[in-house]
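Everything on this sheet refers to the single structure shown next.
Every value quoted in this text rests on a predicted model; they were computed, and no experiment measured them. Order of appearance sets the numbers: ligands from 1, and atoms from 1 within every ligand.
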Amino acid sequence: MRGLVFSALVLVAGTAGPAAAQFPIFDAHVHYSRPDWDVYSPERALSILAGAGVRRAIVSSTPDDGTLKLYEKAPKTVVPFLRPYRTRDDMGKWHSDRGVQTYVEGRLKRGIYRGIGEFHLSAADADGPTVKRFAELAAERDLFLQAHVDDVAIAKLLTLYPKPRFLWAHAGMSSPASTVGRLLERFEKLYVELALRTDVASGGTLDPEWRAVFVKHPDRFMVGTDTWVTSRWEVMRDYHRDVQVWLGQLPREVAEAIAWKNGERLFPPPTQ
Ligand SMILES: [Zn+2]
């Protein structure tokens, strides 16, 4: 009996650890926003990332100070993106808010950021003055724009602002694989991250349409968690275990690109 209990414990421990991970992960969608600070210290948040197999991560936060807290502790792990929201109230109207523009221009002077976002936007507001200014800043400084928008809005953004590279959050959240594939063919400045897209492999089996798009465009995709509420930190390890399952169903070089190498190529770590 004692032996049985012991074997069961070994089994549980064996499946819970990062040992199940096959690929290192570049996570393209992490937030460390104000509600998270009281629950997880920067050290704890970084150890959760490491425990989930995440070697590096794009981090943006509301307010941006959260990103700086993590970046100061781990500048080689954290790829800082500047989120334009001072508080959550900025989410709906930032596109035409001069105050947001001034805030972003001021903080970019730190010179550490690799992108602006994640931001939310509807197609109707894609030509807002602050959006236009962000596109100019991104083009001048070679920053990505991480946009949580639908497929109509991402096409409009890429048409209005052809210079900067866009990182399309959640692949539009509900856009089908075929639509994502068409947009990738149409816009060479488009990159896609798959945070929260459990439809890529519902039930653990890689969807054939997603597979086809990944194999056709292996250098354009990254995975992501999206810690949009504090409870997401608790499931990060499980989430990435599921990601590893479908990555393992792809040709190895495609899986490696999506898991890690695309992030590493697009956001090379700081040299010093
Ligand atoms: Zn997000």
Side-chain angles (χ1 to χ4, degrees), residues 25-37 39-40 42 45-46 48-49 52 54 56-71 77-95 100 103-104 107 113-123 125-126 130-131 134 138 143-151 153-154 157 165-175 180 190-200 221-240 242-243 258 262-263 266-267:
I25 294 293
F26 183 101
D27 190 315
H29 198 141
V30 170
H31 306 294
Y32 183 62
S33 293
R34 190 181 292 281
D36 306 328
W37 304 349
V39 183
Y40 298 114
L46 290 164
I48 291 172
L49 287 169
V54 176
R56 297 181 68 219
I58 292 175
V59 179
S60 64
S61 309
T62 308
D64 178 56
D65 290 355
T67 297
L68 298 184
K69 286 172 195 281
L70 291 192
Y71 178 74
T77 303
V78 171
V79 178
F81 270 37
L82 175 52
R83 194 170 225 205
Y85 308 154
R86 297 160 296 183
T87 69
R88 284 183 66 88
D89 294 341
D90 283 332
M91 198 182 280
K93 53 179 170 41
W94 67 270
H95 49 80
V100 169
Y103 169 77
V104 164
R107 292 193 77 104
Y113 300 100
R114 314 291 283 271
I116 300 172
E118 176 203 21
F119 54 72
H120 304 72
L121 193 66
S122 65
D125 299 317
T130 309
V131 190
F134 284 3
L143 305 173
F144 274 75
L145 293 170
Q146 188 174 20
H148 178 145
V149 298
D150 66 15
D151 47 69
I154 198 72
L157 285 167
R165 291 183 286 185
F166 280 83
L167 178 56
W168 192 16
H170 314 286
M173 198 62 103
S174 59
S175 302
V180 176
L190 177 61
Y191 294 82
V192 179
E193 50 94 338
L194 299 161
L196 301 176
R197 291 302 298 262
T198 49
D199 61 307
V200 164
F221 287 96
M222 288 176 274
V223 299
T225 308
D226 194 4
T227 45
W228 64 283
V229 286
T230 303
S231 60
R232 290 287 298 164
W233 284 93
E234 289 153 33
V235 299
M236 183 175 284
R237 186 187 276 237
D238 290 341
Y239 179 86
H240 276 300
D242 292 346
V243 166
I258 295 172
N262 290 339
L266 295 166
F267 306 98

Nearest to the Zn ion (ligand 1) - the N/O/S atom of [X], by atom name:
{"X": "E118", "answer": "OE1"}
{"X": "D226", "answer": "OD1"}
{"X": "H29", "answer": "NE2"}

- [ ] Using the test salt bridge (charged side-chain N to carboxylate O under 4.0 Å, His left out), find all partners of R114 that sit at least two apart in sequence or belong to another chain.
- [x]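 Checked R114 against salt bridge (charged side-chain N to carboxylate O under 4.0 Å, His left out); zero matches.
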
Task: Heteroatom N/O/S of H31 within less than 2.8 Å of the Zn ion (ligand 1) - done: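 Given the 2.8 Å cut-off, H31 counts as a ligand of the Zn ion (ligand 1).
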
- [ ] Please state whether the rings of W94 and F134 are parallel, tilted or perpendicular, taking 30° and 60° as the class boundaries.
- [x]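 The rings of W94 and F134 lie parallel, inter-plane angle below 30°.
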
Open item on the list: Cation-pi check for Y239 against R232: NZ or CZ below 6.0 Å from the six-membered ring centre and within 45 degrees of the axis, yes or no?
Closed with: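 So R232 does make the cation-pi contact.
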
Open item on the list: Please determine whether ring pair (Phe, Tyr, Trp, His ring centres under 6.0 Å) holds for the pair Y113 and Y71, giving the CA-CA distance in whole Å, both sets of side-chain angles, and the decisive distance to 0.1 Å.
Closed with: CA-CA 10 Å; Y113 300 100; Y71 178 74; 8.0 Å; no

